Amino acid sequence: MTGILHSIQDWAVDFFSLDDLIKIVRSGDYSSLRTLKGILAMIGPLFPVLLVVELLMAGLYRKLKLIDYKISFFSYVLNLTIGRFISIAMVSYCIGLFSPHAIFKSTFTWYWFLYGYVIWEFSHFIYHFLAHKVRLLWCLHSTHHAPEQMNLAVSFSHFFLEAPYADFIRTGLCILLGVYPPLLFLIMFVDGFWGGMIHIGETLGRRARCGPFQRFIMTPSHHRVHHGRNPLYMDTNFCNLLNIWDRLFGTYQPETDEVPVEYGITRPMLSNSFLDAYFGEIILLARDVVHAPGLRNKFLYLIKPPGWSHTGNHKTASLMRRDYLKRKREP
Ligand SMILES: [Zn+2]
Ligand SMILES: [Zn+2]
């Protein structure tokens with residue numbers, strides 16, 4: 001019994017990111033709260049606490065449906081037990097692998113932080129863009145898009161192999177482009193925090209457009225658009241905190257009042273099924289590869305965007321969006 005209680009306590013300390021804060025409280029030296037480490041120790045628990053507040057508020061407004069949290073919950077459990085260890089190993093591996101080939105070395109200063117963040121956001125854009133445009137990678141990423149509601153827990157909904165693949169691209173590129181590893185960890189912390197916050201549900205942030213900051217910040221409203229299966233919204237807003245690369249590459253799409261976001265993916269899904277969210281796209285890809293005529297077509301199914309067909313009858317997100325915009329322009 002004591003063992004179970006200890007495990008629950010360890011999980012709670014880990015989930016609420018309380019480890020560093022507890023150390024500061026135990027040491028009695030609160031001056032460290034003014035240091036970067038202390039500030040990070042205070043920010044860490046903010047997201048999980050907000051998640052609990054969001055749940056409580058939904059309960060208060062009688063909007064809480066636990067089924068809405070099913071896909072995110074099971075994904076979280078799998079990532080807790082497998083995903084995050086592979087991910088940590090991948091980050092360490094990439095730092096060791098790419099550091100000797102870095103084009104230059106930077107240091108831990110505010111201007112290198114800004115440089116590092118722009119590079120990180122670029123590498124995030126590349127990973128995320130490929131995750132939507134290469135069908136094999138979409139099989140990993142689609143789990144994140146499967147939930148048909150938005151709440152903070154959706155940020156946990158990831159296939160367990162997605163983070164290692166994302167980290168290979170993001171860490172690899174940043175290290176090659178000279179981002180100092182301790183600075184990279186700080187950037188990852190900020191990215192992880194904001195990456196969670198942009199999933200805030202309408203219970204806590206109805207419009208969540210962040211006023212004038214939406215000009216350069218990726219707001220929860222922008223990310224809601226990214227989770228939309230509406231033709232106008234599909235495959236847009238790939239950035240995480242700074243929307244500069246979306247604006248530069250033409251994938252920026254603000255939320256419009258005329259088109260309310262419909263969350264989820266376009267194929268018919270077993271509603272709230274964890275297994276379908278996790279393996280559905282893999283099974284469909286395997287079926288297409290098996291039935292495709294010739295080796296070339298089989299290979300193309302792996303690397304072409306979701307919706308590509310060897311028959312030429314493509315239903316990709318880009319085509320659907322283009323058709324929608326064309327129809328809208330027609331009188
Ligand atoms: Zn995505
Ligand atoms: Zn998301």
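Note that ligands are numbered from 1 as they come in the structure, with each ligand's atoms numbered from 1 the same way. None of the values given here were measured: they were computed from a predicted structure.
Salt bridge D323/K315: absent, no basic N to carboxylate O contact under 4.0 Å. Note on E255 versus R207: no salt bridge recorded, every NZ/NE/NH1/NH2 to OD/OE distance being 4.0 Å or above. Salt bridge annotation for D276-K70: absent, with no cationic side-chain nitrogen under 4.0 angstrom from a carboxylate oxygen. Using a 4.0 Å cut-off between charged nitrogen and carboxylate oxygen, D288 and K304 do not count as a salt-bridge pair.
Rounded to 10°, the angle that NE2 of H128 and NE2 of H132 form at the Zn ion (ligand 1) is 100°.
When the Zn ion (ligand 2) is compared with the N/O/S atoms of H227, atom NE2 turns out nearest. In terms of distance to the Zn ion (ligand 1), the nearest N, O or S atom of H226 is named NE2. Shortest distance from the Zn ion (ligand 1) to H141 is reached at NE2 (N/O/S atoms only).
Contact annotation: H223 places an N, O or S atom under 2.8 Å from the Zn ion (ligand 2). Within the coordination shell of the Zn ion (ligand 2), defined by N, O or S atoms under 2.8 Å, H199 is present. Residue contact annotation: H144 places no N/O/S atom under 2.8 Å from the Zn ion (ligand 1).
In the model, H145 has no side-chain atom that pairs as donor or acceptor with a side-chain atom of S142 under 3.5 Å.
Evaluated for a side chain to side chain contact (heavy atoms under 4.5 Å, CB included) with D235, the options H226, R321, Q253, K133 yield exactly one hit, K133.
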